[in-house]
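All heavy atoms count here, side chains included; hydrogens, waters and symmetry mates do not. Naming convention: chains lettered A, B, ... in sequence-line order (proteins, then strands); numbering from 1 in each chain.
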Amino acid sequence: MTQSEAEVRSQKVEQLRSQGIEPYPSESYQRSHTTQQVRELFSQPGKELNNGVTDPEELSIRVCGRITSKRDSGSIIFIDLKDATDRIQLKIEKKLVKGDPGIAFKQIEKLLDVGDFVGAEGIGCRTNRGELSIQVRELKLLSKATIPFPDAYYGVNDPETCRRHREMDLAGNPESFNRFVLRSRIVQSIRSYLCDAGFYEIETPVLQAIYGGAAARPFITHHNALDVDLYLRIATELFLKRAVCGGFERVFELGRVFRNEGVDSTHNPEFTSLEVYQSYADYFDILGVVEDVICFAAAAVFGDKKQIEYQGQLINLDRQYDYSEKYAGFSGKHWQVKTMVEAVKDETKLDFDVLELGDAIAAAEKLGLHLANLDKQSLGYVLYAVFDRLVASTLIQPTFIIDFPVEVSPLAKGHRSKPGFVERFELFINGTEYSNGFSELNDPKEQRKRFEEQLAQKNAGDDEAHPMDEDFIEALSLGMPNCAGMGIGVDRLVMLLTNTQSIRDVVMFPTMRPIKDGSNP
RNA sequence: GGGCGACUAGCUCAAUGGUAGAGCAGCAGACUCUUAAUCUGGUGGUUCGGGGUUCGAGCCCCCGGUCGCCCA
């Protein structure tokens, strides 16, 4: 019976040991250059190497990385070495490579494989065919790989393998690796923008006795020593606002939140949220912060380019609308802004400024909407249902929908001039929600009333209704400055900026169902 | 939750209901300039799991599993 590749590789580990070579050495490997730096070095004026020429200065170069390809041509072996910056070819000639210290030619030929990590010392050269290479004098094995490495040409295609074993995806698919590099840059740019704008980054509890700040079902866990059930947070909002009550005028938190809901291409049970709160501001001010953060993040990927492509759709991030005459104090250039009533009217011709509840329900159902009993309780619920299910998906270019019904916004401040509405916005791009924000409700008595209304909804069967939070009301009672806050779904933003269709490919290790044995149902 | 589709060698994929295959990787060998190296030879399978129909099932039917896409 023949051996699998994994068995052969494991056997090579033992062979190396028996030949005095440790496959997993402890010592650090000091490289002199990354592969990218090697390329830069030999592209400097006067340093270029002609084909077939070795560096006349004989500068010693030490690089390390992973073997991604190995081509044995008799007494000469070519290896592609990849590190986090680039790749470089190693040229290993039998007569030039030292076996001690280091690994001998025959051992390189027989015992090293694609996927292994090695360090190489040698001098720069360019092969007869023009490939910049390192003429290796000493090769050191740094770590042996004992299962097959992803195919050099095809990589790993199966989406399930890519997500369950992201390390294979990252190691074998450069576009995946680059996507996560971009994610890191995007997150970093958000952080640096906010810090530069005077916001403090703080950390609030993940384990909470009362969850809140969003309409969602929580994960429940148990604390043994205290013998209490705790919830994983569904949002960071309430604690951040308590920090504002305590005197932090500008705060933000970038962190994981958890929602116990289905998995699809835009929902992962744990995802990264950004929430930002700014004292003495209103929802127009914080709307501008949303634009700034997204544009700053976009610049980390695209530079000055404002036209980006997402799944074949051109998205224009240029801010070109002026609302200073329509809304007092709302200066500058912005993305499109529409009230929810306007957006619904534009798309469906229904004017919720004049509709009565009964007529609104009839009109909504005529448009094909199946309204639940909860949706039929008031005009605000019907308006929101029509918007959410018929209008939101039509908003392709960046659009802020402002002025939401109070019924669906228990934490937002009542509108300064429109009864029944709150000063709230959501940002839509390509039919998907990217951000939510509002002037924060800071009247503790009103907040209690809103929570009580939510409790009534919960009793009426809405399991996503907001629970009562006495600690939060007490914080508001101590006094919270007028302020505005916003949240951005960071994963969705990364999807937009990296043109990625599924949230599971911007979350490095997405939630996957454990594999069960299908023979025992 | 519903519908549609996928699952075959380590990887990427073939295979009218009739002997399970190819390329790459791996293995043995050749080769001093390759780069998806090349050449020669051989190895490699619980066709996702279970059941059924059939003379015969990777393929048809049923149950289950995982994943993907769409819908709610």
Walk along nucleotides 22-30 of chain B from 5' to 3' and tag each nucleotide B, S or - by protein heavy-atom contact under 4.0 Å, base first, then sugar-phosphate. --BSSSSS-
CG of A/D158 versus P of B/A9: gap in Å, rounded? 11 Å
Would you give the length of the straight line joining atom OH of A/Y381 to atom CG of A/L357, rounded to the nearest 0.5 angstrom? 12.5 Å
In whole angstroms, the gap separating C1' of B/C33 from CZ of A/R71 amounts to 10 Å
Got a minute to check which stems RNA chain B is part of, using Watson-Crick or G-U wobble pairs under 3.5 Å, three or more consecutive? B:1-7 with B:65-71, B:10-13 with B:21-24, B:27-30 with B:38-41, B:48-52 with B:60-64
CZ of A/R166 versus C1' of B/C67: gap in Å, rounded? 14 Å
Identify the heavy atoms of A/G124 and A/I61 that sit nearest to each other, and give their distance. N-CD1, 4.1 Å
Need one value for A/G155: base, sugar-phosphate or nothing, where a base atom within 4.0 Å counts as base even if backbone is also close, heavy atoms only. sugar-phosphate
Quick check: closest heavy atoms across A/S409 and A/R424, and the distance to 0.1 Å? OG-NH1, 2.8 Å
So which nucleotide from B/C31, B/C69, B/C33 ends up closest to the side chain of A/R504? B/C69
On RNA chain B, nearest-nucleotide positions of A/P150 versus A/V263: which is more 5'? A/P150
Would you kindly compare A/N157 and A/F78 by the position of their nearest RNA chain B nucleotide and give the one closer to the 5′ end? A/N157
Side chains of A/Q89 and A/S133 only: does a donor on one sit below 3.5 Å from an acceptor on the other? yes
Can you sort out which residues in residues 79-97 of chain A have a heavy atom within less than 4.0 Å of RNA chain B? Ascending by number, please. A/Q89, A/K91, A/E93, A/K95
Within a 6.0 Å radius of atom CD on A/Q307, are there more than 12 heavy atoms belonging to other residues, nucleotides or ligands? yes
Does atom CZ of A/F42 have more than 12 heavy-atom neighbours from other groups under 6.0 Å away? yes
Does A/K458 have more than 12 heavy atoms from other residues, nucleotides or ligands lying within 6.0 Å of its NZ? yes
Please find out if less than 6.0 Å separates the ring center of A/F387 from that of A/F352. no
Taking atom types as modelled, is there a side-chain donor on A/Q377 or A/Q457 under 3.5 Å from an acceptor on the other? yes
Side chain of A/I76, heavy atoms from C-beta onward: which of B/U32, B/U66, B/C69 has the nearest atom to it? B/U32
